[in-house]
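Let me begin by presenting the structure, written as structure tokens, before commenting on it.
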Amino acid sequence: MSAYEPNSRHLREVLLYCFNMKKSAAEAHRMLSNTYGGDAISERTCREWFQLFKNGDFDVEDQHGGGREKVFEDADLEALLDQDSC
């Protein structure tokens with residue numbers, strides 16, 4: 001096996017390729033597991049991505065967190081953050 005460690009975007013692109021090749025999510029997972037071993041994503045994750053593809057969502061870009069936006073109650077702190085968010 002090579003020293004290459006796939007990132008999550010690469011794995012999603014491979015899933016999209018498998019989807020376009022009419023593979024099932026289980027087949028795609030087997031291919032990823034055979035190729036990347038422990039670096040592969042779970043079969044459940046494969047099924048979730050295949051469902052997105054079936055719904056017409058082909059965006060494989062990393063999405064920024066699903067957490068809620070930070071709320072600041074201190075007006076002075078908020079003003080400082082507006083000046084310099086670092």
Side-chain angles (χ1 to χ4, degrees):
M1 182 186 258
S2 72
Y4 174 73
E5 292 183 24
N7 60 33
S8 56
R9 179 185 170 146
H10 170 77
L11 294 173
R12 291 188 299 262
E13 289 171 338
V14 172
L15 285 179
L16 181 56
Y17 173 78
C18 291
F19 177 82
N20 286 327
M21 294 291 294
K22 307 294 187 218
K23 302 288 183 191
S24 70
E27 289 174 309
H29 178 257
R30 277 193 296 277
M31 291 170 63
L32 288 174
S33 294
N34 289 339
T35 304
Y36 298 116
D39 291 325
I41 54 181
S42 69
E43 186 172 345
R44 179 180 178 169
T45 300
C46 290
R47 286 194 311 266
E48 290 169 354
W49 278 100
F50 266 57
Q51 188 59 50
L52 290 172
F53 300 153
K54 286 177 188 173
N55 292 336
D57 183 0
F58 300 105
D59 184 11
V60 295
E61 294 291 328
D62 288 328
Q63 302 296 320
H64 293 287
R68 62 179 246 207
E69 191 173 323
K70 293 181 181 177
V71 177
F72 299 99
E73 295 186 20
D74 188 349
D76 293 333
L77 177 58
E78 205 164 321
L80 286 172
L81 285 172
D82 287 340
Q83 292 175 6
D84 184 7
S85 64
C86 293

Legend entry - Nearest-0.5 Å distance, NE2 of residue His29 to SG of residue Cys18: 11.5 Å

Inset, instruction - Would you check if Leu15 and Leu32 make a side-chain contact, meaning some heavy-atom pair closer than 4.5 Å? - result: yes

Legend entry - Approximate separation, where rounding is to 0.5 Å, of Arg47 CZ and Lys54 NZ: 10.5 Å

Legend entry - side-chain hydrogen bond (donor to acceptor under 3.5 Å, both in side chains) partners for Gln51, two or more places apart: Asn55

Legend entry - Shared hydrophobic cluster for Ile41 and Tyr36 (ILVMFWY, side-chain gaps under 4.5 Å): yes

Legend entry - With sequence neighbours excluded, residues passing side-chain hydrogen bond (donor to acceptor under 3.5 Å, both in side chains) with Arg9: Glu13, Glu61

Inset, instruction - Output yes when a side-chain donor or acceptor of Arg12 lies under 3.5 Å from a complementary backbone atom of Val60, and no otherwise. - result: yes

Legend entry - Value rounded to 0.5 Å, distance of CG in Leu11 from OG1 in Thr35: 10.0 Å

Inset, instruction - List, by chain and then residue number, the residues other than Tyr17 in its hydrophobic cluster (Ile/Leu/Val/Met/Phe/Trp/Tyr, side-chain heavy atoms under 4.5 Å); write none if there are no others. - result: Met21

Legend entry - OG-CG distance between Ser8 and Asp39, expressed to the nearest 0.5 angstrom: 12.0 Å

Inset, instruction - Working to the nearest 0.5 Å, report the span between CZ of Phe50 and CG of Leu16. - result: 8.5 Å

Legend entry - Distance (rounded to the nearest 0.5 Å) between Lys23 NZ and Cys46 SG: 14.0 Å

Inset, instruction - Anything under 30° is parallel, anything over 60° is perpendicular, the rest tilted; go ahead and classify Phe58 against Phe19. - result: tilted

